[in-house]
Amino acid sequence: LQGWEKLDDADLAVFFMRFLQLPNEEWQYLERFIRSGKPVVGLRTANHSFKYPEGHPRFEWNVGFGTRVLGTPYIVHQQGKTDVKVVASNADHPVLENLSKSEWVSPGSLYLTRLQPGVVPLLNGLGKGRARIISREFGVVSVNEIESDVVAWTWENEWGAKVFATSLGHPGDFAEPDTVRLLVNAICWSAGRPPLKL
C-alpha cells in the first residue's frame, strides 16, 4: 500500500482494512497516527485490520487494533441481512442528524461486539443465522439463531482520540442513503465540525 506518510499531516483517518501485514516502514506511520490521539473512523472489517503470525512483534495488534483503537475486537458474524435501528436514547447525537428514517435493512451480516467501557451506542442491529467459532483469543463462541448487537457507536480511546466505528460497510450498504449520511456525519463529528448540508 502506498501513501502512509500522508498520515503525518492528516487531521483524521478512515480505516477500512482487513487482515494486513504491513512492513515496518509503513507501520510506523500508522502507529504514530494512532498514538497521536487524532480522530479515527472505522468501518466493518477494520476491527480485524491485521493478521500477523504468532510470535510477530505486532501480533497483539490483530485483536488490539479493534479493541484499543475502535472499541471492539472482531468476534464472529452471522449470515444474512441485519435490521438496523437508531438507539432512541441517543437519537439526538450529531452523527444521527438528518437521517431520513430510524430503521432500515443492511444487506450485511451482523457482527457481534465486545464493546469497551464508555462506548456510546448509536445504532442497534438484529441479525439471524447460527454461527460457531473457536479462536485462540475468545475460545468457543456460539451464536443464537437471532442476535441483537450494537452496529455503530462513538468512543474516546486510550490515546484520547474521538472514535466513530461501525460494523456497517457491506458493499450494498453504500446504496442506502442513510448509511452514507451517517458516515458523512461521523467524519464531520470526529473532526469537530458541524454536519454537512447535503
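Owing to the predicted nature of the structure, the values given are computational and were not obtained by experimental measurement. For the single chain, residues carry numbers from 1 onward in sequence order.
A continuous path of Ile, Leu, Val, Met, Phe, Trp and Tyr side chains, each step under 4.5 Å between heavy atoms, connects Trp153 with Trp159, placing both in one hydrophobic cluster. Hydrophobic clustering of Ile, Leu, Val, Met, Phe, Trp and Tyr side chains at less than 4.5 Å, counting indirect connections, unites Leu96 with Val84. By the criterion of side-chain heavy atoms lying less than 4.5 angstrom apart, applied directly or through intervening Ile, Leu, Val, Met, Phe, Trp or Tyr residues, Leu99 is grouped together with Val41 in one hydrophobic cluster. Under the 4.5 Å side-chain heavy-atom criterion for grouping Ile, Leu, Val, Met, Phe, Trp and Tyr, Ile187 is connected to Val95 within one hydrophobic cluster. Both Val86 and Leu122 belong to a common hydrophobic cluster when Ile, Leu, Val, Met, Phe, Trp and Tyr are linked at side-chain heavy-atom distances under 4.5 angstrom.
Considering only heavy atoms from C-beta on, Glu176 stays 4.5 Å or farther from His170 through its side chain. You'll find the side chain of Leu126 stays beyond 4.5 Å of the side chain of Thr82, heavy atoms only. The shortest distance between side-chain heavy atoms of Phe65 and Leu70 falls below 4.5 Å. By the 4.5 Å heavy-atom criterion applied to side chains, Arg58 and Asn24 are counted as neighbours. The closest side-chain heavy-atom distance from Leu168 to Leu123 is below 4.5 Å. Put simply, the side chain of Pro94 does not reach to within 4.5 Å of the side chain of Asn185, judged on heavy atoms. Using a 4.5 Å heavy-atom cutoff, the side chains of Asn98 and Arg181 are in contact. No side-chain heavy atom of Pro194 sits under 4.5 Å from any side-chain heavy atom of Glu97.
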*Would you check, one step at a time, whether the test side-chain contact (heavy atoms from CB on, under 4.5 Å) holds for Leu183 with Leu43?*
CA-CA 9 Å; Leu183 296 176; Leu43 280 66; 4.1 Å; yes
*Check the pair Glu60 / Arg68 against side-chain contact (heavy atoms from CB on, under 4.5 Å), numbers first and verdict last.*
CA-CA 11 Å; Glu60 71 93 9; Arg68 299 173 64 190; 3.2 Å; yes
*asked:* Quick one, Val40 with Val163, criterion side-chain contact (heavy atoms from CB on, under 4.5 Å). Give me CA distance, side-chain angles, the key distance, then yes/no.
replied: CA-CA 5 Å; Val40 296; Val163 176; 3.5 Å; yes
*Please test Phe16 against Thr45 for side-chain contact (heavy atoms from CB on, under 4.5 Å), starting from the C-alpha separation and ending with a verdict.*
CA-CA 6 Å; Phe16 196 4; Thr45 56; 3.8 Å; yes
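The closest side-chain donor-acceptor pair between Asp149 and Thr113 falls under 3.5 angstrom.
Between Glu31 and Arg35, the closest heavy-atom pair is OE2-NE, 2.8 Å. Between Ala175 and Pro177 the shortest heavy-atom distance is O-CD, 3.3 Å. For the residue pair Leu1 and Trp4, the shortest heavy atom distance occurs at CB-NE1, 3.4 Å. Here the shortest heavy-atom pairing between Thr166 and Ala152 reads OG1-CB, 3.8 Å. Of all the heavy atoms in Ser190 and Pro39, the pair that sits closest is O-CG, 3.0 Å. For the pair Asp9 and Lys38, the tightest heavy-atom approach, listed with the atom from each and the gap, is C-NZ, 4.4 Å.
Looking only at distances, a side-chain donor or acceptor of Thr72 sits under 3.5 Å from a matching main-chain atom of Arg114. Thr67 places no side-chain N or O within donor-acceptor distance of the main-chain N or O of Gly64, the cut-off being under 3.5 Å. Counting only distance, with no hydrogens or angles, the side chain of Trp61 and the backbone of Ser49 share no donor-acceptor pair below 3.5 Å. Counting only distance, with no hydrogens or angles, the side chain of Ser106 and the backbone of Asp173 share no donor-acceptor pair below 3.5 Å. Within the 3.5 Å criterion, the main-chain N or O of Ser148 finds no donor-acceptor partner in the side chain of Asn124. The closest donor-acceptor contact from the side chain of Ser109 to the backbone of Gln79 lies at 3.5 Å or more, if one exists at all.
Heavy atoms of other residues, nucleotides or ligands lying less than 6.0 angstrom from NZ of Lys101 number more than 12.
Relative ring orientation between His48 and Tyr74 is described as tilted, the plane-to-plane angle lying within the 30° to 60° band. Classified by interplanar angle (parallel below 30°, tilted 30° to 60°, perpendicular above 60°), the ring pair Tyr52/Phe50 is parallel.
Summarising the geometry, atom CH2 belonging to Trp189 is positioned 4.5 Å from atom OG1 belonging to Thr154; distances are rounded to the nearest 0.5 Å. Separating the CZ atom in Phe33 from the CD atom in Gln28 is a distance of 15.5 Å, to the nearest 0.5 Å. To the nearest 0.5 Å, atoms CZ (Arg18) and NZ (Lys51) are separated by 7.5 Å. Annotation: the span from Leu112 atom CG to His77 atom NE2 amounts to 10.0 Å, rounded to 0.5 Å. Taking CZ from Phe164 and CH2 from Trp155, the interatomic distance works out to 14.5 Å, rounded to the nearest 0.5 Å. Taken to the nearest 0.5 Å, the CG atom of Leu12 stands 10.5 Å off from the CG atom of Leu7.
Among Asp8, Ile34, Leu22, the one residue that satisfies the side chain to side chain contact (heavy atoms under 4.5 Å, CB included) test with Tyr29 is Asp8.
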